[in-house]
Each structure stands twice: as structure tokens, then as C-alpha cells.
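Remarks on the structure that follows.
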Protein chains: 2
Amino acid sequence: MTDSAGAPASAGPGEHPDTKERLLEATLRLFAEGGLQGTSMRAVTQAAGTSVSAANYHFGSKEAMLRAALRLRAEPLNQLRIDALEEVVAGAPRPSVEAVVGAFLRPVFEVRAASAGQGELGRNFAARLYMEPEASVSQIRHEVFEPVNECFRAALARALPGVGSDTVALGQRLSVAVLVHVVSNTSASGGDDLPQPPVDAFIAFVAAGIRALAEDPDATESAPAAGDAS
Amino acid sequence: MTDSAGAPASAGPGEHPDTKERLLEATLRLFAEGGLQGTSMRAVTQAAGTSVSAANYHFGSKEAMLRAALRLRAEPLNQLRIDALEEVVAGAPRPSVEAVVGAFLRPVFEVRAASAGQGELGRNFAARLYMEPEASVSQIRHEVFEPVNECFRAALARALPGVGSDTVALGQRLSVAVLVHVVSNTSASGGDDLPQPPVDAFIAFVAAGIRALAEDPDATESAPAAGDAS
DNA sequence: GTCTATATGTTGATAGAC
DNA sequence: GTCTATCAACATATAGAC
């Protein structure tokens with residue numbers, strides 16, 4: 001909505017990165033390193049080789065610029081996961097839990113592996129996007145990931161016929177939990193450079209956990225018993 | 001180490017909260033709401049009914065004050081969990097995975113339930129402590145929680161004889177993953193007020209996941225196969 | 001020990017020249 | 001469209017009176 005009318009010198013057909021594009025790229029990179037409050041307009045615009053005024057001209061505010069950058073980067077991954085999930089559901093009327101969980105988790109690893117070559121843009125970025133507690137980021141995260149989560153729940157319900165919807169929802173949430181930790185524990189969180197286990201380990205963990213929830217719905221719904229049954 | 005020598009008017013035997021105590025309390029509360037960069041000395045000292053100078057007099061810097069507050073709040077929980085883990089190990093030479101995971105997770109829920117009455121001090125706090133990517137917070141988190149994690153790994157190794165240490169370590173990491181999400185998803189993360197499933201659901205999920213890792217060490221060590229075996 | 005006042009730097013956003 | 005110069009507000013930290 002900004003490159004509509006009066007952009008005579010920068011609205012090329014897509015050849016060289018103009019100022020707006022450079023700003024988005026720099027925003028992503030610096031946000032990935034420092035989070036929202038840890039990233040200043042000055043740092044971003046300096047990294048983009050322009051000025052604060054240019055950024056405010058194109059986006060209006062710091063938050064708007066961040067939102068644009070986050071959506072730009074997160075939605076392709078978003079679509080990748082939705083496609084994978086729909087493919088699993090379309091391929092089998094009753095897919096395995098592993099297949100569904102794999103469709104949910106694998107694209108994240110693929111994108112991380114792909115962006116590992118072009119610097120660490122995408123590494124910390126996913127962690128920041130998932131973990132930043134700032135309200136604006138949290139809102140974007142919800143907007144972008146809620147369709148995926150819904151798609152995941154639908155696929156999971158297919159894989160687990162007869163299981164309650166709240167159990168399915170809990171399984172989805174805990175899948176995200178594992179995903180978040182995976183994504184954060186390699187770069188942003190503890191400063192540790194832990195070894196990265198293969199994707200299948202995480203899929204096996206999550207699938208077994210979800211099956212445990214499905215097999216014991218009593219624990220999911222309400223469990224006042226078994227306090228100290230040692 | 002600050003109330004040792006020259007504190008004639010505020011080092012009471014523990015009756016009324018002095019300035020230092022009020023500062024720690026306010027630091028915890030505001031940090032729980034806004035994170036590290038989102039919490040200023042001005043806001044903290046104003047909430048504590050004192051001035052920035054007093055805070056710097058007692059703690060020296062913003063980061064030092066935060067560190068003191070974090071340790072003050074996190075270490076009791078820390079000890080609770082270590083005790084529970086040691087009790088499980090002492091009670092049975094080969095405890096169940098559920099018992100070990102329960103000892104790891106339950107104290108967190110207990111502390112959250114206990115602090116739910118005294119305002120939302122402890123609710124967001126755990127989430128912030130676990131999720132804040134700031135270096136100083138991350139360092140404290142590591143210092144405080146590493147002993148617990150080590151204790152948990154030891155107990156888990158008891159419950160899973162013959163399982164590789166890296167598999168055990170992965171199980172511990174993913175337990176923390178679930179814990180983080182549980183703790184963050186009720187207040188700080190998405191702004192959603194999701195229903196809180198019982199503790200046993202999380203224990204069942206984690207225990208089953210860990211067993212899956214233990215039963216298939218092939219996936220934990222290295223898994224170059226099974227790319228698209230659909 | 002605690003305060004007021006201040007030093008020094010940074011932030012996000014804007015005004016106006018070009 | 002992009003820049004330089006600037007604003008007002010905020011940050012952490014310190015100096016010195018009391």
C-alpha cells in the first residue's frame with residue numbers, strides 16, 4: 001500500500017533492493033539478534049544504509065516496520081507448513097500421528113537449514129519471533145501462526161479419531177512447546193551451543209506424548225487423584 | 001553482603017520491609033510484566049516508593065538489582081525441585097519415568113498455585129525468567145537451573161538404565177520445553193487465557209516422549225534416513 | 001541511608017531543505 | 001524519496017546536600 005502511486009525512482013520491477021527492502025532485511029536481522037526493545041531505529045537504518053527519516057517515511061513507526069518485516073519473513077514458512085499438513089491429510093484419511101507432527105515440525109527445520117548459509121538471519125529470528133513477549137510481536141505471532149495451529153489440530157483430529165478436542169488442542173500446544181525450545185535452544189536462549197538432534201527425535205517425542213494424552217483422556221480432562229501414590 | 005556493617009536504621013531483625021526489600025519486590029513484579037528492557041529503574045524505584053539513587057546505592061546497577069531479585073525468587077523453587085528429585089531417587093533404586101518427571105514439574109505448579117493468591121507476581125515471573133533472551137537473565141537462568149537439570153538427568157538415568165546420556169539429556173531439554181510453554185502460556189505469551197490442564201497430563205506427555213526417545217535411540221543419535229517415506 | 005539535582009547518552013519521531 | 005538537524009522524552013548512573 002506504499003508503492004502504489006508516487007514512487008518514481010524506487011519501484012523497479014524487482015531488480016535491485018531499494019530502500020524499503022533493505023530496511024525490511026535489516027529489521028529482520030537486527031530483530032533476530034536483539035529482540036524488539038533491543039533493536040533501535042538508528043541501528044536498523046544504519047545497517048540498511050539509510051536514515052531514520054526514511055524508515056518512518058516508509059513505515060510510519062518502528063512497530064509498523066517490525067510488523068511488516070515479521071510478516072514478510074514468517075508467512076512463507078507459515079504456508080509451507082500449512083501445505084505440508086494439508087498434503088498429509090489429503091494423502092490418507094487417517095494419517096499417523098508421526099506424519100502429522102512431521103508436517104508440523106519439518107518445515108521449520110528446513111527453513112532453518114536453508115537460511116543457515118546466508119548468515120544467521122533465520123536462526124535467531126524464529127526464536128525471537130516465538131519467544132518475544134512484547135505485545136506487538138505476540139500479536140503478529142498469533143495472527144501468523146494461528147491458521148497453522150488450526151490446520152494442525154484438524155490433521156491431528158484425523159489421526160486420532162474419537163479423541164476429545166481439548167486433548168487434541170493440548171497436543172498442539174505441547175508440539176509448539178517443543179518447537180519453541182528447539183528453535184530457541186540453538187542460538188538465542190541460554191548461550192549454549194548444544195548439539196542439534198535430528199528432526200525425527202523430536203517427532204518421535206511429540207508423537208509419543210500426544211498418543212499418551214489420547215490414551216489417557218482422564219489425565220487431560222480432570223485429574224484430582226494420584227497425589228503421592230509412591 | 002550488603003547488610004553487614006553500616007546499616008543502623010534498616011537492618012531490623014526481619015519485621016517490616018525496608019527499602020532494599022521493597023526494591024526487590026518491585027523489581028520482581030515489574031520484571032514479570034515488562035521483561036528486562038521493558039523495566040526501568042524509574043518505574044521500579046517509584047513502585048517501591050523510593051528513588052533511583054537508593055537502588056543504585058543498594059545494588060550498584062540495574063542488572064545487579066535484577067540478578068538479586070531473580071535469585072531471591074528462583075532459588076527456593078530450585079531447592080524444592082532438587083529435594084523432590086532426590087527423594088524420588090532415594091525412594092527407589094529404579095524409579096519410574098513418571099515419578100522423575102513429576103518431581104521435576106510438580107514444584108513449578110505448586111509455586112504457581114501458591115503465588116496465584118498474592119497477585120500475579122509469580123505468574124508472569126516464571127515465564128519471563130524462562131523466556132527472556134537478555135544475556136544477564138539468561139545467565140542467571142543457567143546458574144540457577146543447571147543444578148536442577150543435572151539432578152534431573154541423574155534421576156532420569158536411574159529410571160532408564162542402559163539409555164545413552166545424550167538421549168537422557170535430550171529428554172531433559174524437552175521436559176524443560178514443555179515446562180516453559182506451560183509456564184508461559186497462561187499469562188505472558190500470546191495474550192490468550194487458555195485453560196490449564198492438570199499436571200498429570202504434562203507428566204504423561206513428557207514421560208511418554210522420553211520413553212519413545214529411549215526405545216528408539218537410533219533417532220536420537222543420528223537419523224539420515226526416512227526422508228519422504230510416505 | 002535517602003534524597004534532589006544533574007551529567008551524559010539514547011530513544012522514537014518530526015520539520016524542513018533538497 | 002531521502003537527507004540533516006532537531007525535539008522532547010526517556011534511559012542509567014553519579015555528585016553532593018542532609
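Order of the sequence lines fixes the chain letters, A, B, ..., with proteins taken first and strands second; residue numbering starts at 1 for each chain. All figures in this text were calculated on a predicted structure; none of them were measured in a lab.
Between A:S53 and D:dT4 there is no side-chain polar atom (N or O) within less than 4.0 angstrom of OP1 or OP2. Here A:S40 reaches the OP1 or OP2 of C:dT11: one of its side-chain N or O atoms lies under 4.0 Å away. Considering only side-chain N and O atoms, A:T50 lies under 4.0 angstrom from the phosphate OP1 or OP2 of D:dC3. Of the side-chain N and O atoms in A:S51, none sit less than 4.0 angstrom from OP1 or OP2 of D:dT2.
Look at CE on A:M41: it is 23 Å from P on C:dG9, rounded to the nearest Å. When rounded to the nearest whole Å, the span between OH of A:Y57 and C1' of C:dC18 equals 14 Å. Nucleotide D:dT6 holds its P atom 19 Å from the CG atom of A:N56, rounded to whole Å. Atom CZ of B:F59 is separated from atom P of D:dA13 by 13 Å (rounded to the nearest Å). Rounded to whole angstrom, the span from the CD atom of A:Q37 across to the P atom of C:dT10 amounts to 18 Å. Rounding to whole angstrom units, CZ of residue A:R42 and P of D:dA5 are separated by 13 Å. Spacing between atom CD of A:E21 and atom P of D:dT2 amounts to 12 Å, rounded to whole angstrom units. Rounded to an integer number of Å, the gap from A:L36 CG to C:dG12 C1' is 12 Å.
The shortest non-hydrogen separation linking A:C151 to A:E86 is SG-CG, 4.0 Å.
Counting any heavy atom pair closer than 4.0 Å across all strands shown, B:T39 reaches sugar-phosphate atoms only and no base atom.
By the 30° and 60° cut-offs, the orientation of the rings of B:F202 relative to B:F109 is tilted.
Here D:dA13 is the nucleotide among C:dA13, D:dA13, C:dT2 with the atom lying nearest to any side-chain atom of B:K62. With D:dT2, C:dA13, D:dA13 as the candidates, the nucleotide lying closest to the side chain of A:V52 is C:dA13. Nearest nucleotide to the B:A54 side chain, out of D:dT2, C:dA13, C:dC3: C:dC3.
Taking 4.0 Å as the cut-off between side-chain N and carboxylate O, B:R71 and B:E143 count as a salt-bridged pair. B:E110 has no carboxylate O lying under 4.0 Å from a charged side-chain N of B:R106, or vice versa, which leaves the two without a salt bridge. Of the charged side-chain nitrogens involved, at least one lies within less than 4.0 Å of a carboxylate oxygen, so that B:R29 and B:E25 count as a salt-bridged pair.
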